[in-house]
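Only one structure is covered here, and it is reproduced in the block below.
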Amino acid sequence: MPIVTFPKDKRCRNFAWVYETTARRSFYVQIFLRSRLRIMQTSVRTSFSKILRGKAIVNQALVFKEKKFRSLSIRTYQGGTSANYEFAKFLNSRLQFKKRCISSRQPQSVQRVHLDDGSQILSAELLLEKENVMVKMVNQGKYLPGSNTDVENQQFPFVWLRDNCQCPKCFHSEAFSRTMQMLDFDINCRPASLKVSEDKTSITFFWQDGHESTFKADWLSERAFTPRARALRLIDYRGNRVLWDARDFKRINEDESAQSWRFSYSDIMSKDSSLLAWLEYLETMGVALVVGSNPSNGQLRRLAHRASFVRRTHYGELFSVRAKDEPSNLAYTSEKLQLHTDLPYYEYKPGVNMLQCLVQWKGPGGENHLVDSFAVAELMRHEHPNEYNILSTTLVDWADIGQEPEGVDDDSGVHEGKRERRAFHSIYRAPVICEDREGYIVRVNVSQPQRDSHFCVKLSQVSTWYAAFNLFAQLLHSPRYCVTYKLKPGEILTFDNLRVCHGRGAYGSSEGISESLERHVKGAYMDWDEIRSRIRTLRKSVSLENESKVS
Ligand code: OGA
Ligand code: ZN
Ligand code: ZN
């Protein structure tokens with residue numbers, strides 16, 4: 001049984017969450033170290049065999065149950081530093097939990113457990129002099145092992161309840177939209193009374209102006225303002241993320257027992273479940289290889305359309321990466337391309353990069369380099385906090401100047417051969433490591449060619465920034481993190497352009513490249529907004545499809 005050790009750190013208040021990975025073959029533990037205002041996140045993947053990296057005190061028990069994948073329970077002991085994973089303990093249980101998490105604030109006991117399938121409202125207190133209503137949720141006696149309480153107190157502000165009334169007057173159920181006018185809204189609204197339904201699964205508020213609003217307990221619970229409900233929502237919002245290094249990559253590339261990063265083009269095009277599997281993997285790992293496309297008939301565009309839309313940039317919709325005369329970008333030479341992310345000078349930097357190999361250089365060179373820059377950034381956060389701080393706060397000027405070349409090899413048919421030559425000059429200022437307000441890394445910008453000579457910072461910040469950036473670059477290029485893969489014709493390298501830095505080895509011989517076709521990669525971008533939306537809708541339709549197959 002694998003043992004997990006979490007170094008003790010009294011300064012942190014921690015959360016830990018367990019949920020299934022998209023691959024559905026393993027479980028995924030996320031540990032949040034909450035120190036001051038920041039939530040740091042460490043991901044720990046658990047396959048059934050092996051686990052763990054990460055620093056945390058998890059002074060609590062976690063229990064997780066998933067109907068298809070047997071059970072997992074993780075337990076850490078109060079005051080101790082060990083945890084264990086037990087599998088198949090609840091194999092015969094019928095309970096079906098979608099997602100489980102338990103706050104780790106209270107050592108020794110598992111508190112505030114809410115079970116999606118069995119929640120009921122036990123009681124609701126109406127305190128008219130206050131702004132909130134208190135709703136106590138209880139599961140139907142289906143306690144998780146180790147729990148010593150079955151009640152969760154949730155408070156909902158009246159103003160929020162009234163605003164979110166789901167009745168046909170206030171909410172358009174087909175458009176999924178609130179119809180109530182803000183200008184007509186009484187922010188001081190109060191209920192005159194409330195009633196819990198007989199079966200205790202819903203609650204109705206009778207407002208002082210005569211309006212009524214009924215809410216299901218589950219619906220309310222998912223929107224609770226408790227730290228746990230908010231953190232759960234954040235996990236859904238952010239999606240899965242599993243950081244990797246070179247060793248992990250070797251496994252997904254070579255180890256047949258691991259979840260491979262390869263997805264079949266024809267499966268993706270013909271089955272929604274395969275499309276979903278590819279997109280979820282891309283979201284989780286940041287990199288996925290689509291194999292078996294035909295290099296010669298526009299399948300890259302079809303793949304993009306299957307997932308979302310092609311995102312157009314000043315290089316066109318589809319762009320050809322090969323050695324060209326008068327290159328508008330260093331990529332259009334046969335030189336080495338250092339690790340970079342594409343287009344850092346866009347405020348809306350394209351989220352996903354797709355590189356379809358049409359023709360590969362036969363000699364040495366022309367291979368791609370890949371790094372999970374978020375993994376490197378997390379390492380820096382822990383081991384080089386000063387440098388991390390500099391890179392995540394200093395605004396850098398990114399820029400691209402040039403001309404969109406004529407007659408770019410674009411198979412859209414619309415622009416082919418008659419594209420206008422249009423000059424561009426893009427600038428965007430952003431740190432190398434971009435965090436959201438909670439300290440969660442959301443984007444990395446790296447590009448030597450496209451870092452502007454304008455560096456709009458104070459004099460005193462310049463040399464320390466270079467030292468920090470140089471360290472980051474060293475770590476990115478180190479064999480611990482950087483991997484190499486040489487694409488074969490028909491393979492499409494798809495990766496998260498906000499996260500994965502990529503590069504290319506120089507190619508060509510001493511005589512140069514006689515034929516421009518000797519290495520030819522076709523590229524296109526998509527945006528995460530569209531893909532995430534697609535993932536959400538596919539999850540619904542694919543699970544409905546599976547259910548109908550079972551029944
Ligand atoms: C690029 C790029 C990689 C390659 O065009 O930005 O990274 O394999 N190309 O040529
Ligand atoms: Zn209403
Ligand atoms: Zn690139």
Side-chain angles (χ1 to χ4, degrees), residues 158 160-173 177-181 184-186 189 191 204-215 287 289 300 313-316 318-324 327-346 349-361 365-371 373 398 400 402 405 408-409 444-450 484-489 491-508 513 516-525:
F158 297 137
W160 177 86
L161 287 163
R162 182 65 190 86
D163 180 43
N164 288 288
C165 179
Q166 299 290 293
C167 87
K169 281 192 201 132
C170 304
F171 191 79
H172 196 296
S173 60
S177 296
R178 184 180 292 109
T179 50
M180 197 173 43
Q181 303 281 321
D184 300 337
F185 183 51
D186 175 11
C189 56
T204 302
F205 293 85
F206 303 92
W207 302 97
Q208 287 174 353
D209 65 3
H211 198 78
E212 284 177 28
S213 311
T214 298
F215 301 99
V287 63
L289 190 69
L300 182 62
T313 72
H314 56 226
Y315 290 104
L318 268 66
F319 50 92
S320 266
V321 186
R322 57 176 153 185
K324 303 174 189 178
S328 62
N329 189 301
L330 289 185
Y332 303 157
T333 68
S334 60
E335 301 296 317
K336 172 186 163 83
L337 284 184
Q338 317 177 45
L339 286 171
H340 64 283
T341 57
D342 284 0
L343 312 149
Y345 43 80
Y346 271 102
K349 171 159 119 161
V352 170
N353 200 331
M354 302 197 290
L355 295 174
Q356 183 188 30
C357 179
L358 306 186
V359 182
Q360 184 56 282
W361 172 252
E367 76 286 359
N368 285 106
H369 306 136
L370 296 164
V371 182
S373 75
W398 308 97
D400 197 18
V408 163
D409 181 8
V444 159
N445 297 303
V446 171
S447 176
Q448 278 295 87
Q450 288 151 351
T484 296
Y485 185 81
K486 188 161 178 175
L487 288 168
K488 299 173 195 65
E491 289 182 338
I492 306 174
L493 179 61
T494 63
F495 56 93
D496 184 344
N497 187 47
L498 309 185
R499 163 175 169 187
V500 170
C501 290
H502 63 287
R504 179 192 68 207
Y507 63 98
I513 298 162
S516 60
L517 272 182
E518 293 221 70
R519 183 179 187 277
H520 188 180
V521 170
K522 184 154 275 201
Y525 301 109

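Note that this is a predicted model, so its numbers are computed, not measured. Both counts, for ligands and for their atoms, begin at 1 and track the order of listing. Residues: numbered from 1 along the sequence shown.
Lys336 places no side-chain N or O within 3.5 Å of a backbone atom of Gly365 that could act as its donor or acceptor partner.
Here the straight-line distance linking atom OH of Tyr507 with atom CZ of Arg322 works out to 9.5 Å at 0.5 Å rounding. With values rounded to the nearest 0.5 angstrom, Phe319 atom CZ is found 6.0 Å from Leu355 atom CG. How far CG of Asn368 is from CG of Leu337: 9.0 Å, rounded to the nearest 0.5 Å. To the nearest 0.5 Å, atom NZ of residue Lys349 and atom CG of residue Asp342 are 8.0 Å apart. Here CZ of Arg178 is found 14.5 Å from NE2 of His172. Values are rounded to the nearest 0.5 Å. Within the model, atoms CD of Gln338 and CG of Leu330 stand 9.0 Å from one another, a figure rounded to the nearest 0.5 Å.
Under the 30°/60° scheme for interplanar angles, the aromatic rings of His314 and Tyr346 are found to be tilted.
Contact record, Phe215 with Leu161: CZ-O, 3.2 Å, taken as the closest heavy-atom pair.
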Would you mind listing each N/O atom of ligand 1 next to any protein N/O under 3.5 Å, plus the distance?
{"from": "ligand 1", "atom 1": "6 (O)", "to": "His340", "atom 2": "NE2", "distance (Å)": "3.3"}
{"from": "ligand 1", "atom 1": "6 (O)", "to": "Asp342", "atom 2": "OD1", "distance (Å)": "3.1"}
{"from": "ligand 1", "atom 1": "6 (O)", "to": "Asp342", "atom 2": "OD2", "distance (Å)": "3.4"}
{"from": "ligand 1", "atom 1": "7 (O)", "to": "His340", "atom 2": "NE2", "distance (Å)": "3.1"}
{"from": "ligand 1", "atom 1": "7 (O)", "to": "His502", "atom 2": "NE2", "distance (Å)": "3.0"}
{"from": "ligand 1", "atom 1": "8 (O)", "to": "Asn368", "atom 2": "ND2", "distance (Å)": "2.9"}
{"from": "ligand 1", "atom 1": "8 (O)", "to": "Arg519", "atom 2": "NH1", "distance (Å)": "3.4"}
{"from": "ligand 1", "atom 1": "8 (O)", "to": "Arg519", "atom 2": "NH2", "distance (Å)": "2.7"}
{"from": "ligand 1", "atom 1": "10 (O)", "to": "Arg504", "atom 2": "NH1", "distance (Å)": "3.0"}
{"from": "ligand 1", "atom 1": "10 (O)", "to": "Arg519", "atom 2": "NH1", "distance (Å)": "3.0"}

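Excluding waters, the set of protein N, O or S atoms lying under 2.8 Å from the Zn ion (ligand 2) comprises Cys165 SG, Cys167 SG, Cys170 SG, His211 NE2. Sorted by chain and number, the protein atoms of type N, O or S within less than 2.8 Å of the Zn ion (ligand 3) are His340 NE2, Asp342 OD1, His502 NE2.
Counting heavy atoms from C-beta on, the side chains of Val446 and Ser373 never come closer than 4.5 Å. A heavy-atom distance below 4.5 Å is found between the side chains of Asn329 and Tyr315. When side chains are defined from C-beta on, Asn497 counts as touching His502, because their heavy atoms get closer than 4.5 Å.
Under the salt bridge (charged side-chain N to carboxylate O under 4.0 Å, His left out) criterion, Arg499 pairs with Asp372, sequence neighbours left out.
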